[in-house]
Protein chains: 2
Amino acid sequence: MGRPITRLKDIANRTGFSVNTVSLALRDSPRIPEDTRLTIRQAAEALNYLPNHIAKSLVSRETKTVGLVLTSITNPVLTRVAQAIELRLAERGYSTLFATSNGDPEEQKKVIEMFRSRQVDGMLIYPSSHRDLDHIRRVRQAGHPVVLLVGDPDAGVDVVSMDTRQGGYKAVRHLLELGHRRIGLIDGGHERGNLEKAEGYRQALAEAGIGVDDGLLVAPRTHSVAGGHAAMAELMARGAGMTALLAATDSLALGALRWTQEKGLRVPDDMAIVGFDNIEFAEYAATPISSVDYAVARVTELAVERLIGLIGADALPEPQVKLIEPELVLRASSEG
Amino acid sequence: MGRPITRLKDIANRTGFSVNTVSLALRDSPRIPEDTRLTIRQAAEALNYLPNHIAKSLVSRETKTVGLVLTSITNPVLTRVAQAIELRLAERGYSTLFATSNGDPEEQKKVIEMFRSRQVDGMLIYPSSHRDLDHIRRVRQAGHPVVLLVGDPDAGVDVVSMDTRQGGYKAVRHLLELGHRRIGLIDGGHERGNLEKAEGYRQALAEAGIGVDDGLLVAPRTHSVAGGHAAMAELMARGAGMTALLAATDSLALGALRWTQEKGLRVPDDMAIVGFDNIEFAEYAATPISSVDYAVARVTELAVERLIGLIGADALPEPQVKLIEPELVLRASSEG
DNA sequence: GTCTCTTGTATTAGCGCTAACCGCCTCCTA
DNA sequence: TAGGAGGCGGTTAGCGCTAATACAAGAGAC
């Protein structure tokens with residue numbers, strides 16, 4: 001490469017001071033008088049000095065870096081989460097190392113190891129499975145600050161998350177109140193045991209004295225719009241008399257909406273639809289879609305704050321789980 | 001923090017070998033015989049050793065880290081770009097440091113400095129302005145491998161990008177062939193001098209002997225759906241007799257589509273619409289939207305390959321600009 | 001039996017930086 | 001004028017790792 005970088009030593013040579021004095025001056029130590037500080041500053045400027053963060057990290061034992069693990073950011077809401085987190089971390093002087101696990105637990109393990117090897121000060125993880133958290137718990141027990149962006153009250157790790165169970169519950173309650181009895185569910189992430197939304201769905205139905213009909217449930221492998229479209233087709237093919245639909249993401253909901261449109265069904269008259277995440281595309285859809293809001297700002301703010309707190313702590317405190325109650329945003333897709 | 005990490009020294013103490021021997025053994029040096037290698041391996045395993053990447057970087061002078069600068073990843077296509085890049089870099093053993101500039105050139109400068117300070121081996125930059133690249137050129141001249149994800153043939157820096165000028169040209173040609181003469185343009189990023197799409201638009205019109213009517217142009221500040229909606233309202237309020245629309249992103253196009261729908265316009269009969277990026281939401285819109293495809297896979301693959309090439313080179317070769325010709329994906333929004 | 005040559009390991013130095021400590025001045029006070 | 005007290009700066013050590021070099025012991029050559 002042959003990229004010559006300016007070091008403290010170069011400034012020291014140029015100014016005649018020792019490396020240590022230069023270091024102190026550039027860090028505004030009160031022990032250095034104004035004029036030497038100035039001399040050194042100017043020399044640094046002239047040589048286009050940039051501190052070597054790597055060397056600093058080695059001695060200070062902190063990298064001012066946080067690892068962010070997401071499953072996949074094709075989900076628009078995770079995109080917003082990622083960006084908000086990066087911003088908030090940057091405000092606090094931290095950089096973001098970013099990696100995706102593609103929903104594969106093995107991949108996720110590797111990513112976490114890589115982060116550890118790179119000495120990140122802490123990690124924010126959107127786990128691929130919301131259940132199988134042993135591995136992550138171990139990371140915490142090894143003393144690494146970790147905050148999950150989704151998880152259970154009994155996770156044993158810090159969590160800051162939307163309360164999606166509550167979200168599912170609220171959405172179904174809303175549909176029940178509109179008089180619906182045959183409510184379908186297009187779920188996501190089922191195969192990895194992410195059942196919170198389905199649990200909320202079941203609970204609301206149970207309270208209303210309605211049994212869960214498996215014929216109204218489907219769990220596509222992806223969160224894509226195409227997946228929602230296909231899932232809706234499958235549900236309707238079963239002829240289960242469905243009059244309302246809850247979709248685990250707005251992308252799925254948009255796919256379902258498109259299907260109804262193709263078949264000439266009226267929304268919400270023939271089919272009410274509620275989604276999750278409240279993405280902008282849902283608001284401007286052919287029929288604006290009601291959606292369980294994902295409070296990106298609150299989740300990211302609290303998660304980052306908690307993580308920074310953990311990083312600063314002498315010993316990790318008891319894990320704390322913060323579930324944020326979601327708002328249901330009502331739009332035309334579920335209101336006459 | 002008090003997080004005790006296992007070091008080579010710990011393994012050395014445990015096995016009785018020297019630190020150096022341990023280092024060599026773990027790196028599979030041929031100078032270490034099989035059985036000592038095994039002893040050391042086992043000890044490393046037992047102590048749960050993870051190499052300290054920071055220390056290694058300090059001596060090897062490479063961090064195996066690449067900095068990725070995006071303007072903002074709320075644009076769904078940039079999201080896909082980010083994820084694909086992370087994946088491809090990971091395959092090649094590189095980690096991704098991620099930062100957003102929010103489209104602010106000053107912010108972008110800071111981010112690049114931060115990356116340099118962190119000794120990244122190279123950078124991939126989606127510049128906030130496609131014109132004012134002096135600052136980035138200087139980074140390259142300082143010997144840092146840089147590849148832009150958007151830019152001009154005469155950028156003076158390596159570029160791998162979609163040829164958006166060509167994309168704008170193709171889209172307008174298509175609309176002209178359908179008989180449209182009054183074609184509107186909702187552009188994006190205008191204020192920062194990102195004029196490629198508009199240039200393609202102008203060129204196609206000029207070739208058809210049609211003058212550009214400024215009454216048909218509008219440049220909202222954002223790429224959001226809401227922005228597209230508002231922009232469409234503004235365009236139509238001007239009463240310029242527009243029969244077709246080119247939008248700089250699919251998000252803008254979706255907003256415009258929504259507006260036509262609210263006003264009872266038929267697409268494409270009353271208003272043809274073509275967008276950019278070919279995101280999934282465009283495909284499944286109320287009227288599926290024709291769009292200039294963004295070849296995420298090709299762009300990211302070529303960009304990463306080029307960057308890795310630059311990182312490995314002894315001296316930076318002449319900058320190379322690769323513009324990928326986009327496909328126009330036709331859908332109902334522009335075809336009877 | 002001396003002299004290489006090999007094999008396996010230890011020693012040393014150094015990446016760029018910070019932190020702990022040391023030592024020299026000058027100035028003030030008793 | 002002796003003796004602290006500061007002010008200012010240098011010296012040394014060390015973060016965890018790698019690379020260059022040194023070295024000891026045994027094998028083989030003559």
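If you're wondering where the values come from, they're calculated on a predicted model, not measured in any experiment. Note on naming: letters A, B, ... go to the chains in the order of the sequence lines (proteins, then strands), and numbering restarts at 1 for each one.
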Residue mapping more 5' on DNA chain D - nearest nucleotide basis, H53(B) or R31(B) =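 Its nearest nucleotide lies further toward 5', so the answer is H53(B).
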Tell me which nucleotide among [options] gets nearest to the side chain of [X].
X	options	value
S18(B)	dA10(C), dC17(C), dC15(D)	dA10(C)
V59(B)	dT18(C), dT11(C), dC15(C)	dC15(C)
L58(B)	dA10(C), dC15(C), dT11(D)	dC15(C)

Residue whose closest nucleotide on DNA chain C lies nearer the 5' end, A55(B) versus I32(B) =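 In this pair, the answer is I32(B).
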When you match R7(A) and F17(B) each to their closest nucleotide on DNA chain C, which lands nearer the 5' end?
->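 Result of the comparison: F17(B).
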Quick check on [N]: is either OP1 or OP2 less than 4.0 Å from any side-chain nitrogen or oxygen of [X]?
X	N	answer
S23(B)	dT18(D)	yes
Y49(B)	dC17(D)	yes
R27(B)	dA19(D)	yes
T21(A)	dG10(D)	yes

Can you check the [X] [atom1] to [N] [atom2] distance for me, whole Å?
X	N	atom1	atom2	result
I54(A)	dG14(C)	CD1	C1'	17 Å
E34(B)	dT9(C)	CD	P	12 Å
N20(B)	dA22(D)	CG	C1'	12 Å
D35(A)	dG7(D)	CG	P	15 Å
K9(A)	dT18(C)	NZ	C1'	16 Å
L26(B)	dG16(D)	CG	P	16 Å
K56(B)	dG16(C)	NZ	C1'	19 Å
L8(B)	dC15(C)	CG	P	19 Å

Distance-only polar pair, side chains of S18(A) and T21(A), donor-acceptor under 3.5 Å =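 Indeed, the side chains of S18(A) and T21(A) share at least one donor-acceptor pair under 3.5 Å.
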Examine the side chains of S57(B) and R118(A) and answer whether a donor and an acceptor come within less than 3.5 Å of each other.
->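 No donor-acceptor contact under 3.5 Å links the two side chains.
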Decide, yes or no, whether a salt bridge links R37(B) with D28(B) under the criterion of side-chain N to carboxylate O below 4.0 Å.
->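 Judged by the 4.0 Å cut-off on N to carboxylate O distance, R37(B) and D28(B) do form a salt bridge.
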Is the backbone N or O of E106(B) less than 3.5 Å from a side-chain atom of D104(B), with the two atoms forming a donor-acceptor pair by type?
->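 Looks like yes, one N/O pair under 3.5 Å.
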Give one of base, sugar-phosphate or nothing for T36(B), where a contact means two heavy atoms less than 4.0 Å apart.
->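 Sugar-phosphate, backbone atoms only, no base.
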Going through the checks in order, is the salt bridge (Lys or Arg N to Asp or Glu O under 4.0 Å) test met by R92(B) and E301(B)?
-> CA-CA 12 Å; R92(B) 290 168 165 87; E301(B) 177 60 31; 3.1 Å; yes
